[in-house]
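See structure below.
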Number of protein chains: 4
Amino acid sequence: MNEHSFIRTKQVSRRSLIETKGKTPEKYLRILEAAVKVFAKQGFHQSTVSQIAKEAGVADGTIYLYFKNKDDILVQFFSYKAKQVFTRFREDVDKADNSISKLRNLVRRHLEEFQRDKDMAAVYQTMVYPDCPLVKEQRKAMSKMYLDIISEIIEKGQEEGTLRKDLYLGLVKRFILGAVDSVINTWLNSGRKYDLVPMADPLIDLFIRGIGNTEEKQVAGSR
Amino acid sequence: MNEHSFIRTKQVSRRSLIETKGKTPEKYLRILEAAVKVFAKQGFHQSTVSQIAKEAGVADGTIYLYFKNKDDILVQFFSYKAKQVFTRFREDVDKADNSISKLRNLVRRHLEEFQRDKDMAAVYQTMVYPDCPLVKEQRKAMSKMYLDIISEIIEKGQEEGTLRKDLYLGLVKRFILGAVDSVINTWLNSGRKYDLVPMADPLIDLFIRGIGNTEEKQVAGSR
Amino acid sequence: MNEHSFIRTKQVSRRSLIETKGKTPEKYLRILEAAVKVFAKQGFHQSTVSQIAKEAGVADGTIYLYFKNKDDILVQFFSYKAKQVFTRFREDVDKADNSISKLRNLVRRHLEEFQRDKDMAAVYQTMVYPDCPLVKEQRKAMSKMYLDIISEIIEKGQEEGTLRKDLYLGLVKRFILGAVDSVINTWLNSGRKYDLVPMADPLIDLFIRGIGNTEEKQVAGSR
Amino acid sequence: MNEHSFIRTKQVSRRSLIETKGKTPEKYLRILEAAVKVFAKQGFHQSTVSQIAKEAGVADGTIYLYFKNKDDILVQFFSYKAKQVFTRFREDVDKADNSISKLRNLVRRHLEEFQRDKDMAAVYQTMVYPDCPLVKEQRKAMSKMYLDIISEIIEKGQEEGTLRKDLYLGLVKRFILGAVDSVINTWLNSGRKYDLVPMADPLIDLFIRGIGNTEEKQVAGSR
DNA sequence: AATGAATGAGCGTTCATTCAT
DNA sequence: GATGAATGAACGCTCATTCAT
């Protein structure tokens with residue numbers, strides 16, 4: 001696909017040292033893509049190494065020349081994918097000149113990327129509560145990266161004056177990520193029949209304005 | 001859909017009919033609790049039936065007197081748990097007299113329940129992308145119930161005039177659930193070190209008012 | 001006659017001593033009949049003690065008050081059944097006044113009894129190569145009883161002059177039993193759709209006359 | 001019916017296609033032979049896959065590289081064996097020039113083969129009432145092949161005039177097979193102490209001439 | 001006597017991983 | 001590097017048998 005854009009700086013794990021020049025062998029990527037395809041269809045646990053090998057057109061043993069073990073395939077996939085995706089997030093965020101546009105661009109890009117790569121999207125969900133500690137850590141790291149971008153945008157918005165200053169930042173960023181994830185989950189569970197990207201604007205609207213009716217006095221009961 | 005409803009009053013599966021007085025045999029509950037404890041710690045797939053049996057203090061075979069198979073333990077757990085929890089959700093929602101209070105009560109109760117039963121909370125996450133179709137269906141059914149409550153509240157709020165009328169309901173309800181889930185996930189991943197319930201009010205505030213700075217608009221209508 | 005050999009008059013095995021007066025409790029028979037019904041339908045190995053208990057309307061544990069173990073059910077069934085059946089064989093054989101009629105009566109009665117009690121017939125086949133040594137022994141004993149009757153008839157026929165004197169008795173008796181068994185097997189495998197008894201006369205005809213054409217000179221090549 | 005024909009030239013099931021030259025891998029045969037040995041000694045149900053693996057000198061899992069499951073071992077064994085044996089039957093039948101010789105050759109060969117391969121003979125009995133439908137079907141197919149050969153011989157004999165024309169063919173063929181089987185069973189049950197092959201001629205004599213005393217009729221026509 | 005919940009040894013099968021070629 | 005046959009630990013599940021009631 002867009003193999004050109006991806007530059008892995010160091011795939012150390014335990015791979016043979018041959019590909020030292022940073023030349024990712026084509027077989028490595030083939031396995032990665034095959035794995036995600038298989039994982040997406042059947043879930044991580046239901047997928048066997050043999051199936052992945054078959055899908056990739058290599059022998060079972062070959063997998064272990066490139067990956068430490070089955071878990072490592074997942075880990076490496078997201079090492080590879082996250083870099084691509086976050087680069088794009090960053091680009092789109094930087095492109096906008098105010099924080100609301102930045103947020104809109106981030107969310108839109110997020111939905112675009114997940115819609116474009118449905119297998120990745122599905123596998124990403126699989127990772128929510130992974131058994132393997134490494135995968136767990138990685139998932140955390142990715143969340144953190146995302147949350148950091150949001151934080152940055154929000155702080156900027158507060159400086160600009162477009163966003164409320166009395167925000168509990170730790171909460172707000174999770175609130176936004178959670179909402180986006182939820183929309184993606186729904187889409188995945190629905191069989192991905194509809195278009196995801198158009199949800200971006202209504203979502204942003206909710207983030208910014210909330211659901212409360214500001215035209216009237218709030219009744220805000222406290223229970 | 002709801003035929004498998006997790007709110008089964010009588011769990012029959014394969015169990016003898018002894019529990020005629022509605023008294024669920026204590027061994028059944030012991031296994032259920034043991035299972036959830038084990039699942040929470042190691043994840044569903046990494047847990048073995050033997051471990052559960054050991055934790056429950058029964059023989060392996062005994063499990064199969066009460067449960068059809070390993071998956072069924074999960075299914076029955078949520079049949080049992082969801083009944084309890086949703087009853088409480090309903091009570092707290094009904095207790096409030098306006099929709100914002102209802103929403104606040106729902107979210108607060110949600111956080112309370114998950115904080116109270118951390119194992120349940122953790123296992124609930126395990127279910128996000130389950131392999132077993134029954135579990136998947138059940139998870140869907142539970143989500144639907146939750147989303148329906150939210151819908152009901154929102155519609156009421158629109159009638160009251162406290163909530164915006166121009167809301168895309170299908171999006172809003174997922175937006176709210178997603179945000180709450182996200183907060184819970186973060187808490188779980190953090191090792192559950194902090195108190196979850198106090199997040200309810202700031203969350204509600206975000207739902208209602210959004211993150212946008214409305215004072216600016218009211219005062220100057222900038223941008 | 002020989003019934004005493006394997007037709008244990010007193011089922012001692014390990015049964016409670018209550019039924020000392022030879023009064024076979026009705027529950028004992030109920031289990032026996034249930035067992036054969038289940039065995040016939042599913043085969044011995046595929047049948048569980050629970051299924052038998054259910055069919056008999058007793059508790060699983062009750063089976064063990066009457067039978068040492070699962071194998072013992074089979075053993076006792078044939079102890080019980082063989083006595084009945086062989087008594088009838090004996091009657092019909094004695095009824096005839098010449099050996100050919102005796103043989104005809106034996107075979108006809110054999111087919112009648114097996115047709116009447118299809119479950120027994122099916123289970124008897126199950127026993128051909130039993131795993132349990134006791135069952136094996138019993139099956140052997142039953143075969144022997146049958147073969148002894150045939151022997152007796154043949155010897156009588158030879159005395160009468162109706163049967164060839166140059167017969168290898170050990171072979172002839174197996175030849176007859178085997179042929180009858182084969183006819184019964186075919187019937188069982190066919191789903192028992194047709195009437196078994198009418199096969200008796202043609203069979204006897206084959207036994208007596210053979211398949212050779214006596215009207216012409218035999219060509220009897222020797223290879 | 002014959003789609004599952006046990007005369008499969010290439011056993012593919014799940015095995016890799018290595019054996020391209022028709023060279024069945026020796027491990028495959030080793031397992032087959034080990035299995036039959038174990039089955040013969042303990043019966044199919046009492047035999048475990050582990051025992052077979054041990055006997056064959058391979059790991060348990062290796063069995064499943066060559067066989068779909070435990071049942072499949074039995075199925076494949078007879079696919080393999082029946083091909084050999086029936087080829088020999090056919091040869092010996094064709095060798096003879098009249099039907100009585102053909103029958104004699106068939107029966108003699110049958111006894112020879114079963115005597116030669118006692119394990120096969122024993123396992124063949126195991127199959128009489130198999131639990132696995134595939135095995136059942138296979139057993140049926142083998143019986144049918146045998147019965148068809150007999151039919152063919154008998155019809156030829158009737159044309160020749162050496163065999164009676166008033167024969168119920170469906171009965172006669174089973175009568176012959178049953179008698180041979182019975183002789184083999186007896187031999188197996190006896191511990192295979194004696195020589196089976198010499199029974200062929202007396203058996204044929206019985207088939208042809210029957211047990212009736214025809215001289216009496218010819219001489220005096222008594223009774 | 002009768003029950004049936006409880007047991008736990010035992011089995012078939014899977015599959016991640018290794019290693020000789 | 002690449003292969004894929006071989007491995008064997010591990011697991012879910014069954015069911016004959018026991019025993020407290």
Side-chain angles (χ1 to χ4, degrees), chain A residues 15-19 25 27-28 45-54 57-73, chain B residues 14-18 25 27-28 45-54 57-73, chain C residues 15-19 25 27-28 45-54 57-73, chain D residues 14-18 25 27-28 45-54 57-73:
Chain A
R15 300 167 50 205
S16 316
L17 315 170
I18 297 302
E19 39 116 13
K27 209 163 272 191
Y28 172 77
H45 279 102
Q46 274 50 48
S47 304
T48 70
V49 172
S50 276
Q51 288 175 319
I52 297 167
K54 196 174 187 181
V58 301
D60 291 18
T62 304
I63 304 265
Y64 291 86
L65 298 175
Y66 296 91
F67 303 91
K68 212 168 48 195
N69 51 40
K70 195 183 162 192
D71 286 339
D72 190 41
I73 304 177
Chain B
R14 184 155 305 182
R15 300 161 50 205
S16 325
L17 313 173
I18 290 304
K27 204 161 279 189
Y28 172 75
H45 277 101
Q46 272 49 44
S47 304
T48 70
V49 172
S50 279
Q51 287 174 321
I52 297 168
K54 200 171 188 179
V58 300
D60 290 19
T62 304
I63 303 271
Y64 293 88
L65 296 176
Y66 296 90
F67 303 92
K68 222 168 38 213
N69 50 41
K70 197 184 160 192
D71 285 341
D72 190 41
I73 303 178
Chain C
R15 298 163 54 201
S16 316
L17 314 171
I18 296 303
E19 39 116 12
K27 207 163 273 190
Y28 172 76
H45 280 102
Q46 274 49 48
S47 304
T48 70
V49 172
S50 277
Q51 288 173 320
I52 296 167
K54 197 174 187 182
V58 301
D60 291 17
T62 304
I63 304 266
Y64 291 86
L65 297 176
Y66 295 91
F67 302 92
K68 211 166 50 195
N69 52 39
K70 196 184 162 193
D71 286 339
D72 190 41
I73 304 177
Chain D
R14 182 155 306 183
R15 301 159 50 201
S16 326
L17 313 172
I18 289 305
K27 205 161 277 188
Y28 172 74
H45 277 100
Q46 272 48 45
S47 305
T48 71
V49 172
S50 279
Q51 286 174 322
I52 297 168
K54 200 171 189 179
V58 300
D60 291 17
T62 304
I63 303 270
Y64 293 87
L65 297 177
Y66 296 90
F67 303 92
K68 224 168 39 214
N69 52 40
K70 196 184 161 193
D71 286 341
D72 190 42
I73 304 178

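The chains referred to below are lettered A, B, ... by the order of the sequence lines, with proteins before strands, and numbering in each begins at 1.
Between D:Tyr28 atom OH and F:dA5 atom C1' there is a gap of 17 Å when expressed in whole angstrom units. Residue D:Lys68 contributes atom NZ, which lies 15 Å from atom C1' of E:dG12 at whole-angstrom precision. A:Gln51 has its CD atom 17 Å from the P atom of F:dG4, to the nearest Å. A:Phe67 has its CZ atom 12 Å from the P atom of F:dA2, to the nearest Å. With rounding to whole Å, C:Lys54 atom NZ is found 15 Å from F:dC15 atom C1'. In this structure, CG of A:Leu65 is placed 12 Å from P of E:dT18, rounded to the nearest angstrom.
In plain terms, the two heavy atoms of A:Tyr64 and A:Asn69 that are nearest each other are CE2-CA, 3.9 Å. Scanning all heavy atoms of the two residues, the minimum distance from A:Phe67 to A:Asp72 falls at CA-OD2, 3.5 Å. Closest heavy-atom contact between D:His45 and C:Gln46: NE2-NE2, 3.8 Å.
Using a 30° and 60° split on the angle between ring planes, C:Tyr28 and C:Tyr66 fall in the tilted class, from 30° to 60°.
Contacts of C:Ser50 classified as side-chain hydrogen bond (donor to acceptor under 3.5 Å, both in side chains), with partners at least two apart in sequence or in another chain: C:Asp60.
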Check nucleotides 8-12 of chain F against the protein and report each pair of N or O atoms closer than 3.5 Å, with its distance, or say if there are none.
from: F:dG8; atom 1: N7; to: D:Gly61; atom 2: N; distance (Å): 3.3
from: F:dG12; atom 1: OP1; to: B:Ser47; atom 2: O; distance (Å): 3.3
from: F:dG12; atom 1: OP1; to: B:Lys70; atom 2: NZ; distance (Å): 3.0
from: F:dG12; atom 1: OP2; to: B:Val49; atom 2: N; distance (Å): 3.0

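Secondary-structure stems of DNA chain E, taken as three or more successive Watson-Crick or G-U wobble pairs (i with j, i+1 with j-1) under a 3.5 Å distance threshold, comprise E:2-21 with F:2-21.
A sub-4.0 Å separation between OP1 or OP2 of F:dA2 and a side-chain N or O of A:Lys27 is present. Within the 4.0 Å cut-off from OP1 or OP2 of F:dA5, not a single side-chain nitrogen or oxygen of D:Tyr66 is found.
Rounded to the nearest 0.5 Å, atoms CD1 (A:Ile63) and CD1 (A:Ile73) are 5.0 Å apart.
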